[in-house]
Q: 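Supplied in structure tokens, the structure appears directly below.
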Amino acid sequence: MTTLMERICMRGNLPLRILVAILVVIAVLFICIPLVALLLRVPQTLLFASLQDPVVLDALFLSLVTASISMVIVIGFGTPIAYINARCQYPGKKIIDTITDLPVVLPPAVAGLALLMAFGRRGLVGQYLNLMGIDIAFTTIAVIIAQVFVASPFYIRQARTSFASINRVYEHAARTLGASPLTTFFSITVPLAINGILSGAVMTFARALGEFGATIMFAGNLQGKTQTMPLAIYGALQGDMDASLALAVILVFISFAVIIVIKILTEKEEAVP
Amino acid sequence: MTRSTTLISLAVGITILLLTAGCTSPGTAPAPEKNELTVFAAASLTGAMTDIAKAYEAAHPDTKIILNFDGSQALRTQIEQGAHADLFLSANTKHMTALQGEGLIVNDSVKTFTKNKLAVLIPKDNRANITGLSDLATPGIRLVMGTKEVPFGDYTRQALGKMANDTAYGPEFRNAVMKNVVSEDPAVTALVAHLRVGEADAGIAYASDVSEEDKALVIMLPIPDRYNVIAVYPLGIVQESKVKDQAAAFAQFITSTEGNAILIRYGFVPVDR
Amino acid sequence: MIDIAVKKVLRDFTLDVNIYMPEGGTLVLLGENGAGKSTILNLVAGLMAPDTGHIRIGDETFVDTATRTCIPAESRGTGYVFQDYALFPHMTVAENIAYGLRIRHLPRDAIDARVRELAGPLDLLSVCDEKVGSLSGGQRQRVALLRVLAVQPKCLLLDEPFSALDVRTQVQVRQELKEILAAAKVPAIIVTHDLRDAVALGDRICLMEQGKIILCGDADTLLQKGQHPFIDQFFIGTCKKVKNNFS
């Protein structure tokens, strides 16, 4: 906590403060105005009616479940990559690092097509899965795969940065005190990197929740099975715009609530210097 | 705030100020050398209208046609929200009538310029061995169609409704077909992509939705007129247009023999006159 | 026993040292920053591996390139006090001291008792539940020491144990450490650039430069010789006084 006097002494010159204040206000308004416009446009009655529509409930449930599973999978597979790339030197590291970023560059619809060409029933891998009787395209699993593919860079990038920012001496200290590499990782590295890990996980969750292009291509659009909120919103947009906007508002609020809850739950950890 | 972050935010701030200053300098844009005509066209017209515009520009070097393709609903919304357009080409009468009702379209300019028919699209290798409409009910067939909100999905359901009412097929046929749907695609591009990679066995869309290059990859199975839902494409001049004469001239060209030929090449059905 | 004979190519020079102290006791590695002293501690602790050579502490061979033996860092039982102490910032004082015990899955009661037993004599009980960020330099140094003593290490490794302290605290902590070393009865290696620390604590003092040991002996030998510029130039005047104060 800074005292009033500290704030008076440290606040810098007036023109700079005004400039910074203007930039901050513009940035915040830029994000808020479209959201407010969206909210004002949607009749409240429609919002509540939408919440009882089975199409909406199915989509909401499917979105939350798949985005959560995707987040867990990304954490499980992304953490080792993030840690190795933050800590180790090995030939081809830059390439691996770049590859993990690529899904961000790929337009989502292309990502979905690529997934079809890989795991579809005539795909590179999918044709063999198909022989074993495994069919992934147009299933809920395809929804999760699409989300994982598109959203993983957000976590890996963030986790890698926070791992890299931890002074190795803490890990060394733990090792000399008798902790195995794995124990060290979970008792020292993860707690010290937890802010980055969590914010990366939240970003991944949010991106998975909003995933549209790759999902529509790879998983298709079928209510209760592969129709997530963004798909339902896009679908409704073609017919009843108000209904679609109501869905969008619900999605924004649910995402907001989920992210806020995660932030509050981890508030304590942020006290660490 | 450290010195470096101060510098960075200053730099960002100055950049933004310069950019916005550059954008708002009024009245300095050079007068257009050509007459610009902005055409809002339904997405299904993408190929045909691009060619027609090229042909028109070749014949009228003083005119530049700016094409904006999107779903008819989206285009209608854009016009309602004040987007600048001179000519509107809709994929159904509903949106045109709505705009007319709002006084946004010049009433006596509205006319039907082409038609479009539904067809069953099948990947060239036809692994599911679909040879007739009745095969669509074979269990296990992977069928894709539009959502009930998009026109081509709506019409597909209407067509299936007509077949359900016909003793040759009956309601069980429709139920069996709907059970085979693996994805309700919100855009025809997604549907065609699903067919092209062979992930779906068949899809129902407009004959015009198969592009020139896709014709080599897709078999088209016609749906008899008695079940088909023939889409009517109206055009209309936007009330706000400042170049109504040129819009009318271009509209005339679309319905000319030359324009019609291009439309037919893209799978559209000419209007009987 | 302390038996270190290692070679390792580093960025600026090759580390090449031979130290043999069959009687154990406290070894001080003295020298300027970048002489390779801390590297030796890291080699002993198992955080680095030598190119060739062996390290034996007590009756255990930590590493021997000839027989390709290498005990991992966590199994060596070294008590390493790092230069900036490396206290875990996300843990309280008590959690820091208890860390080594907790990962050994000792019962909670036993851990609590051991922490109290250790923290009591060094006046740390009152800050046990505080995060380490709020501690003074002297307190941090003690917590770091207790954290390694808690697991009863087979040898102690101390990297510049006093450099982060103000001068008055240094004198007090130096005395404290001398007592602790005497009580622990395990071999210890202390790295310092301060001749006063070396003279006060070392049974054997080795002066290092560019990865090599250039002078070795007990405090008296080292001070009497007085030939080396490092000792002559900077410290010779004050150190005799320190020596008188502490021994």
Side-chain angles (χ1 to χ4, degrees), chain A residues 1-3 6 75 79 82-84 86-90 158-201 262-273, chain C residues 38 41-48 57 62 71-92 95-106 130-135 140 143-159 189:
Chain A
M1 243 3 235
T2 50
T3 66
E6 269 172 330
I75 291 174
T79 306
Y83 186 76
I84 299 277
R87 279 286 185 254
C88 306
Q89 292 299 331
Y90 58 89
Q158 184 75 54
R160 179 198 193 292
T161 312
S162 16
F163 285 144
S165 70
I166 298 172
N167 194 334
R168 294 207 78 160
V169 77
Y170 297 122
E171 292 166 336
H172 285 160
R175 292 294 303 282
T176 58
L177 287 166
S180 67
L182 206 62
T183 309
T184 303
F185 181 74
F186 283 113
S187 65
I188 304 295
T189 317
V190 168
L192 289 178
I194 194 72
N195 283 331
I197 289 175
L198 284 172
S199 73
I262 296 177
K263 292 227 159 124
I264 289 172
L265 285 180
T266 56
E267 194 85 313
K268 285 179 299 200
E269 309 293 334
E270 275 178 36
V272 174
Chain C
S38 300
L41 292 192
N42 287 337
L43 287 167
V44 174
L47 302 174
M48 285 176 152
I57 304 288
F62 282 176
I71 299 176
E74 64 266 29
S75 309
R76 293 192 181 188
T78 57
Y80 195 158
V81 178
F82 292 82
Q83 181 166 9
D84 296 320
Y85 309 133
L87 298 181
F88 303 133
H90 58 298
M91 296 183 190
T92 64
E95 285 165 347
N96 261 280
I97 298 173
Y99 182 79
L101 305 170
R102 210 179 41 153
I103 57 172
R104 284 171 178 73
H105 303 295
L106 261 66
E130 283 178 33
K131 284 265 162 69
V132 292
S134 57
L135 298 184
R140 287 163 162 269
V143 174
L145 253 177
L146 294 186
R147 188 173 69 179
V148 304
L149 291 175
V151 294
Q152 290 166 319
K154 282 179 259 173
C155 80
L156 282 167
L157 308 172
L158 297 98
D159 194 353
I189 305 176

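Numbered from 1 within each chain, the chains take letters A, B, ... in sequence-line order.
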Q: What residues of residues 160-172 of chain A sit under 4.5 Å from chain C when only non-hydrogen atoms are counted?
A: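 Residues of residues 160-172 of chain A touching chain C at under 4.5 Å: Val169(A), Tyr170(A), His172(A).
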
Q: In terms of heavy-atom proximity below 4.5 Å to chain A, should Ser75(C) be classed as side chain, backbone, both, or neither?
A: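 Neither the backbone nor the side chain of Ser75(C) comes within 4.5 Å of chain A.
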
Q: Between chain A and each of Leu87(C), Leu157(C), Val151(C), Val132(C), count heavy-atom pairs under 4.5 Å; write down the option with the most.
A: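 Among Leu87(C), Leu157(C), Val151(C), Val132(C), the one with the most close pairs to chain A is Leu87(C).
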
Q: Is the backbone of Ala193(A) close enough, under 3.5 Å, to the side chain of His90(C) for a donor and an acceptor to pair up by distance?
A: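 Pair absent, no side-chain N/O of His90(C) close to backbone of Ala193(A).
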
Q: For chain A, find which of Ala150(C), Gly100(C), Ala73(C) contributes the most heavy-atom pairs closer than 4.5 angstrom.
A: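 The residue among Ala150(C), Gly100(C), Ala73(C) with the greatest pair count is Ala73(C).
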
Q: To the nearest 0.5 Å, what is the distance between CZ (Arg102(C)) and CG (Leu177(A))?
A: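 Atom-to-atom, Arg102(C):CZ and Leu177(A):CG are 11.0 Å apart.
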
Q: Please report the shortest heavy-atom distance between Ile103(C) and Gly178(A), naming the atom on each side.
A: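 Closest approach of Ile103(C) to Gly178(A): CD1-C, 3.4 Å.
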
Q: For the OG atom of Ser187(A) and the OH atom of Tyr99(C), what is their distance to the nearest 0.5 Å?
A: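 Going from the OG atom of Ser187(A) to the OH atom of Tyr99(C) covers 2.5 Å.
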
Q: Under 4.5 Å heavy-atom distance to chain A, tell me which part of Arg104(C) shows up: side chain, backbone, both or neither.
A: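 For Arg104(C), the side chain is the part near chain A, not the backbone.
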
Q: What closest approach, in Å, do Pro72(C) and Arg175(A) show between heavy atoms, and which atom pair accounts for it?
A: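 Between these two residues, the closest heavy atoms are CB-NH2, 4.4 Å.
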
